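Have a look at the structure below, then the notes.
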Amino acid sequence: QVQLVESGGDLVQPGGSLRLSCVASGTFSRVENMAWYRQAPGKVREWVAIITRSGGTSYAVSVKGRFTISRDNAKNTVDLQMNSLRPQDTAVYYCAADVVQPVNGRPYKYWGQGTQVTVSS
């Protein structure tokens, strides 16, 4: 069984910063792509950023230049550093990972339970 657990969500003022973390645990061979998504009230879940196992990154236009995704392969963790936060960044942030199972060598996508980020004065 694989679990993803996020942490770091909080209430922050506009212009502030926050760092989210996510750790993958359980039985698996390795973690391939890791990503962050978010879902604002009344909206569909949207992709925020992704990082490959080798460190390649990509960002949604709305966060590019403000957010930075990073990972530690030895610890199976992925972080999201969020700077210059705006009220429209308010959402539940979810971690997702493509985890390779040892039984068949195939990757399966797993999701965390989400962490709330609220940007408000």
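Values below: all heavy atoms of this structure, side chains included; hydrogens, waters and symmetry mates excluded. Source: prediction; values computed, not measured.
The shortest non-hydrogen separation linking Ser121 to Pro14 is N-CD, 3.7 Å. The heavy-atom pair separating Ser21 from Asp79 by the smallest distance is OG-OD1, 2.9 Å. Shortest non-hydrogen contact noted between Ser29 and Pro102 is OG-CA, 3.2 Å. Between Ala35 and Ile69, the shortest heavy-atom contact is CA-CD1, 4.4 Å. Closest non-hydrogen pair, Ala49 versus Leu80, comes out as CB-CD1, 4.4 Å.
A disulfide (SG to SG under 2.5 Å) check over residues 34-77, counting only residues at least two apart or in different chains, returns nothing. Among pairs with a residue in residues 40-80, none fulfils disulfide (SG to SG under 2.5 Å), at least two apart in sequence or across chains.
In this view, Asn76 and Ala24, Phe28, Val31 satisfy the side chain to side chain contact (heavy atoms under 4.5 Å, CB included) rule, not counting sequence neighbours. For Gln116, the side-chain hydrogen bond (donor to acceptor under 3.5 Å, both in side chains) partners at least two apart in sequence or on another chain are Thr118. With sequence neighbours excluded, no residue forms a side-chain hydrogen bond (donor to acceptor under 3.5 Å, both in side chains) with Thr68. For Asp72, the side chain to side chain contact (heavy atoms under 4.5 Å, CB included) partners are Ala74, Lys75, Thr77, not counting sequence neighbours. Residues satisfying the side chain to side chain contact (heavy atoms under 4.5 Å, CB included) criterion with Asp89, sequence neighbours excluded, are Arg38, Arg66, Phe67, Leu85, Arg86, Tyr93, Val119. Applying the side-chain hydrogen bond (donor to acceptor under 3.5 Å, both in side chains) test to Ser120 and every residue at least two apart in sequence or in another chain returns nothing. The side chain to side chain contact (heavy atoms under 4.5 Å, CB included) search around Ser25 returns Gln3, not counting sequence neighbours. Partners of Arg53 under the salt bridge (Lys or Arg N to Asp or Glu O under 4.0 Å) rule, at least two apart in sequence or in another chain, do not exist in this structure.
Once rounded to the nearest 0.5 Å, the distance linking CG of Leu4 with NZ of Lys109 reads 10.0 Å. Rounded to the nearest 0.5 angstrom, Thr57 OG1 and Met34 CE are separated by 14.5 Å.
Crowding of Gln88 atom CD: a count of heavy atoms from other residues, nucleotides or ligands under 6.0 Å exceeding 12.
Criterion: ILVMFWY side-chain heavy atoms under 4.5 Å apart, direct or through other members. Under it, Tyr59 and Val78 are part of a common hydrophobic cluster. Taking hydrophobic clusters as Ile, Leu, Val, Met, Phe, Trp and Tyr residues chained together by side-chain heavy-atom distances below 4.5 Å, Val48 shares a cluster with Tyr110.
In this structure, the side chains of Gln101 and Val2 come closer than 4.5 Å at one or more pairs of heavy atoms.
Taking a 4.5 Å side-chain heavy-atom cut-off between Ile, Leu, Val, Met, Phe, Trp and Tyr, the cluster of Trp47 extends to Tyr37, Ile50, Val92, Tyr94, Trp111.
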Tabulate below the donor-acceptor pairs under 3.5 Å that side-chain atoms of residues 5-12 make, not counting sequence neighbours, or state none.
from : atom 1 : to     : atom 2 : distance (Å)
Glu6 : OE1    : Gln113 : N      : 3.0
Glu6 : OE1    : Gln113 : NE2    : 3.3
Glu6 : OE1    : Gly114 : N      : 2.9
Glu6 : OE2    : Cys95  : N      : 2.8
Glu6 : OE2    : Gly114 : N      : 3.2

